[in-house]
There are 2 protein chains.
Amino acid sequence: MPDKKITADCSSCTLAKRCLPSGIPVTDLYRFTNIVSTNQTFSTGDVLFKQGVKAANLYVVKTGAFKTQIINQFGDAHVSGFYLSGDIIGLESMAGGVTLNSSIAIEPSLACKISYRPLALLRREFPSLSDLAVKIYSQALATTQDTQNCLSIHSAPSRLAQFLILFSQRTNQLSYQQSDLHLNMSRQDMASHLGIAVETVSRSFTKLIDSGCITKTGRLIQIIDRTGLEKIAQCSSY
Amino acid sequence: MPDKKITADCSSCTLAKRCLPSGIPVTDLYRFTNIVSTNQTFSTGDVLFKQGVKAANLYVVKTGAFKTQIINQFGDAHVSGFYLSGDIIGLESMAGGVTLNSSIAIEPSLACKISYRPLALLRREFPSLSDLAVKIYSQALATTQDTQNCLSIHSAPSRLAQFLILFSQRTNQLSYQQSDLHLNMSRQDMASHLGIAVETVSRSFTKLIDSGCITKTGRLIQIIDRTGLEKIAQCSSY
DNA sequence: GCATAATATTGATACAGATCATTTCTTCTA
DNA sequence: TAGAAGAAATGATCTGTATCAATATTATGC
């Protein structure tokens, strides 16, 4: 019974404690695993969903990373967010019925797909799942506020510094002092997300390195002086 | 029994259809009115809640307008959002237990206060209220994404144009083509929210007026050429 | 209705970052 | 491993916006 094996995966998943199953009593977990398609594989550039189509699913990132982007009428894309292990994609389109953005894998990734409808039914049945939903949404809102705050910072190096701080907080939630971070996204994606030119991203990296706050080898960043980085991030924000 | 009169207010409220009561069966509405402090009055500058204190309440704007702002360690304030009639304030702090921003009235206003705790109990009891919560959160996320998108626009006039479009969509949800809009906030607040200098806000207004897209008398804006305004908004966004 | 303060606009200048061009580095494939 | 294609960094120039200063307009209290 290979099917059962796949859908029964949630109980042994390393993310289970942070993910939606934590909202369901262990004895009823099978109810949840029935509505999940676990561990779907995505290569870099693969699309989870396109902007403007019927919104039908949530995706939980298991490994790897995704971005969401919004494309306006002139075809300009803006990267609205990055999603890492444990993050949930598709929350903002649940009410409207139409996807507000596209979601794309930015490295080889695994994600679990959950349909809106059966999830809503489960939520109605299990109050603890309803509580979890509110908690997840509340945190998602807090995260977008952080991002928004970051975008309101003026100088490019400050904005990049703030981005690195936020990113390191998200990737190293367990050990805040962990200083290594792997930037999964291209400079192009970072530039779009931060609202600055690609070249300016590079130059800003150079400045952060010269100031002695970070080191960089490829896409691997090491934060040497977190306090210094925070000082740079706090300059010239409205 | 004046107390009863006040708490029984929701059934006759003009916002009831958009507000939380719509998630509760009419026959049980009294359960909801019991946990609401309706029509609390606020003068310009009055504070709903301060950043960094215990988060305990949601506020629904009945009339008037509020802003939320985040203050960093250096005392720089960033206006993260504006809240108008029907909007709900305090959603993002529900999970963490601590307020992530301050909320301040920007004109004489009325707001209804709802405590988190009893609301959560009601939500567990009424699945339709749980559905509504998800819908409200989803829409709130969509709104912040709009804002974020706006902040990623480069040129100041484009950003202002986009802000005006979004603002008019929010204030005139019923009649999209309505072209009058009253900007409740000061130039300072707009500047902070848009991440540009106050002077640049003024200059950008002048440009929008010169281009023939809008007219302006004080804080009252009239959109003359919506298509033109949208074109300006779409220029030079990443 | 006037005086004062607060808010908003306009002007002049300097600088940060966009843009285009070029070089260096990295990654992928044969 | 070499070569090609892509991504990232660096350089030079020019434009847009921040900043500081001054003026105009709108609100507010007496």
Side-chain angles (χ1 to χ4, degrees), chain A residues 43-45 67 76 78-79 106-108 150-164 182-211 214-221 232-233 235-238, chain B residues 43-45 67 76-79 105-108 150-164 182-211 214-221 232-233 235-238:
Chain A
S43 308
T44 306
K67 66 176 175 182
D76 301 320
H78 171 242
V79 173
I106 57 175
E107 62 180 28
C150 181
L151 281 174
S152 80
I153 295 174
H154 272 176
S155 97
S158 302
R159 206 180 287 187
L160 178 61
Q162 181 64 24
F163 174 75
L164 292 178
H182 172 67
L183 297 174
N184 323 64
M185 71 293 294
S186 67
R187 287 282 180 284
Q188 191 61 59
D189 285 339
M190 278 184 71
S192 167
H193 185 237
L194 294 175
I196 51 183
V198 214
E199 297 92 330
T200 309
V201 175
S202 281
R203 284 185 239 274
S204 300
F205 264 121
T206 309
K207 279 181 186 166
L208 293 183
I209 292 165
D210 289 351
S211 74
I214 65 168
T215 60
K216 180 172 73 68
T217 46
R219 287 184 177 182
L220 190 80
I221 306 292
I232 292 176
C235 288
S236 75
S237 78
Y238 272 88
Chain B
S43 308
T44 306
K67 67 176 175 184
D76 300 319
H78 171 241
V79 174
I106 57 174
E107 62 181 27
C150 182
L151 281 173
S152 80
I153 295 174
H154 272 177
S155 95
S158 302
R159 207 180 287 188
L160 178 60
Q162 180 65 23
F163 174 75
L164 292 178
H182 173 68
L183 298 174
N184 325 63
M185 71 293 293
S186 68
R187 287 282 180 282
Q188 191 61 61
D189 285 340
M190 278 185 69
S192 167
H193 184 239
L194 294 175
I196 51 183
V198 215
E199 298 92 330
T200 309
V201 175
S202 280
R203 283 185 240 273
S204 300
F205 264 121
T206 308
K207 280 181 185 166
L208 293 184
I209 292 165
D210 289 351
S211 73
I214 65 168
T215 61
K216 179 172 74 68
T217 46
R219 285 184 179 183
L220 189 79
I221 305 293
I232 291 176
C235 287
S236 76
S237 77
Y238 271 87

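Since this is a predicted model, take the numbers as computed values, not measurements. Every chain is numbered from 1, with letters handed out A, B, ... down the list of sequences.
Taking the nucleotide of DNA chain C with the nearest heavy atom to each of A:K207 and A:G218, the more 5' of the two is matched to A:K207. The residue among A:R219 and A:R203 whose nearest nucleotide of DNA chain C lies closer to the 5′ end is A:R203.
Checked by atom type and distance alone, the side chain of B:R219 pairs as donor or acceptor with a backbone atom of B:N184 at under 3.5 Å. With B:S158 contributing its side chain and B:I232 its backbone, the two residues share a donor-acceptor pair below 3.5 Å. Remark: the backbone N or O of B:L208 is paired with a side-chain donor or acceptor of B:S211 at under 3.5 angstrom.
Set against D:dT10, C:dA18, D:dA18, the side chain of A:T206 has D:dT10 as its closest nucleotide. With C:dA18, D:dA18, C:dT9 as the candidates, the nucleotide lying closest to the side chain of A:T200 is C:dA18. The side chain of A:E199 lies closest to C:dA21, out of C:dA21, D:dT17, C:dG17. Comparing atom distances between the A:A197 side chain and each of D:dT17, C:dG17, C:dA18 picks out C:dA18 as nearest.
Of the residues B:R187, B:H193, B:Q188, the one that meets the side chain to side chain contact (heavy atoms under 4.5 Å, CB included) test with B:M190 is B:R187.
For B:K216, no side-chain nitrogen or oxygen approaches OP1 or OP2 of C:dA8 to under 4.0 Å.
Within the 4.0 angstrom heavy-atom criterion, base atoms lie near A:S202.
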